[in-house]
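As structure tokens, the structure follows; a few thoughts come after it.
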Amino acid sequence: MSSSDNQQEKRLEAILNSAVDAIIAIRKDGIIEAANPAATRLFQYNPDEFIGRNVKFLMPGPHRTNHDGYLKSYVETGRRKIIGIGRDVEGLRKDGSVFPMHLSVGEFEVDGEQYFTGIIHDLSERKAAENALQQAQKMDALGQLTGGIAHDFNNLLTVITGNLELLDMHLGDGSHKELLDEALEATDLGARLTHGLLAFARRSSLDPETIDANEVAIGLTDMLQRTLGPTINLSSVLGSDLWSTKVDRAQLESGLVNLAINARDAMPKGGKLVIETRNAVVDADQQDVDLRPKRGEYVQLSVTDTGHGMTPEALQRALEPFFTTKEVGRGTGLGLSMVLGFAQQSGGHLTIYSEMGVGTTVNMYLPRQPEDGQQPALSTTPEVKKTGNGETILVVEDDLKVRKLTISRLERLGYRVHAAIDGEQARKMLDITPGIDLVFTDLVMPGEFSGYDVAQYVQQHYPEIKMLLTSGYAEELTRSDKLQANQLKLLRKPYRLQELAAAVAEAMT
Ligand SMILES: Nc1ncnc2c1ncn2[C@@H]1O[C@H](COP(=O)(O)OP(=O)(O)O)[C@@H](O)[C@H]1O
Ligand SMILES: [Mg+2]
């Protein structure tokens, strides 16, 4: 080979190695001949697990079984389903998760042998962003619509109520008084409905004042205990040195009552309800997961129950006005949308964590009110020290985005990271992966094995491996006994990088 050939080959290799998109070359029988680093990274394999295998193992379900057919039919008939064109399909990662991708396939011949080159572009992030945008637009449109109707309807109601009251005065204690009273009661209900809609549409007339959320929580306790009844064990965990916030007191109270009533409804046989307050700082690092509030400083009010939790579908739609899973007459579907509208109109936000069969935590974030004369020190993301030194952590987390974020955060902190998508896979990985120092697991995941089961497995079979649990659900508030009995630590989501670093370092000792 001449040196210029050599040069050219090096250059070609550099091009392949540096490509951001995955590139995979296969023979006409589907066997992988070559793949660039982006490809093995995307599918989470080592290069030696890639070459020489049939490309089918990168495809989920139906495509896998049809793939030989596609290739054969093309090779025989020249009919193109995908070759020379491109399309959106799905890929299967090593950890079993399926992701959307764009695949374009070209073909070439060397020495009479036919080959195909696939270029794969990961669409996960784009699809997720599209979905989030769609959901946001839907909520916006709903807000505009309901806000408009509620406004007009409110005016009609005002006229009706006013005239009924005048009539009431004219009639005195006459025989038709009962009819009038019923009509007035109905307008009252109507007014409450429009009030809820206006709150969702962020068109309430708010009357903000400086509020100590602890004081509000304490003030509501008696009334809530009476409303909730004796089967609900109500308690509160109030943050010390809690910041002030500036919001409408009546709306905040009615928001908390709404959340408490939802919690009660989720616990028909009774259970625990915990109201929690704390200072919360959201930094840039946290924003890409979930619908986090903008970065800044907040007073966080959370309501946690030990109820039945929400299905993923219910969770997805819970904030929409009129979405309810309750029977007619019991739920209007306006509770959460009102609280969301209130929080947003106040410059804050609302998030929900729910675990089926375990319980639900709803977090209200209300912006911190700076002390007199003091500018809010908008938290810059602090420098985080590397706490790791090559120790190995197995991350067990079912949510793709959270898993990716956790992996990259832990790597940034100096740890080596393996990942599993559920408890079952975690157990398998524990059995075959040497040198794991710590298992960092989500508490509730689909499948048979929860975070507790993983912890139990580790304690039984690998007692030298340390454990750290995480959950967005406030488990430590409702089941601290279970955590303590097993000497387990729990890191509450959402957490900042610093908090992760501290919790992992502590668990490692
Ligand atoms: N704490 C909770 N636990 C379980 N599911 C809940 C909880 N809070 C809300 N939900 C679900 O969200 C839905 C919407 O709640 P909401 O807007 O308050 O309306 P409503 O209570 O009238 O149904 C409920 O019907 C229920 O399915
Ligand atoms: Mg409700």
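As the structure lists them, so they are numbered: ligands from 1, and atoms in each ligand from 1.
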Salt bridge (charged side-chain N to carboxylate O under 4.0 Å, His left out) contacts touching residues 254-269 (sequence neighbours left out):
D265-K326, D265-R330
Confirm or rule out an N/O/S atom of N262, from backbone or side chain, lying less than 2.8 Å from the Mg ion (ligand 2).
yes
NZ/NE/NH1/NH2 to OD/OE distance under 4.0 Å, [X] and [Y]:
X    : Y    : result
E320 : R317 : yes
D398 : R403 : no
E276 : R492 : yes

Within a strict 4.5 Å, meaning less than it, do heavy atoms of the L488 and Q459 side chains meet?
yes
Taking C-beta and beyond as the side chain, do L123 and F99 meet within less than 4.5 Å on heavy atoms?
no
If you look at each N/O of ligand 1, which protein N/O atoms lie under 3.5 Å away, and at what distance?
unit_1, atom_1, unit_2, atom_2, d
ligand 1, 1 (N), D305, OD2, 2.8
ligand 1, 3 (N), T360, OG1, 3.3
ligand 1, 8 (N), N262, ND2, 3.4
ligand 1, 17 (O), G335, N, 3.3
ligand 1, 17 (O), L336, N, 2.8
ligand 1, 18 (O), N262, OD1, 3.0
ligand 1, 18 (O), N262, ND2, 2.8
ligand 1, 18 (O), L336, N, 3.3
ligand 1, 19 (O), G333, N, 3.4
ligand 1, 21 (O), N262, OD1, 2.9
ligand 1, 21 (O), K326, NZ, 2.6
ligand 1, 22 (O), T332, N, 2.9
ligand 1, 22 (O), G333, N, 2.8
ligand 1, 23 (O), T324, OG1, 2.5
ligand 1, 25 (O), T324, OG1, 3.3
ligand 1, 25 (O), T325, N, 2.9
ligand 1, 25 (O), T325, OG1, 3.2
ligand 1, 27 (O), T325, OG1, 2.4

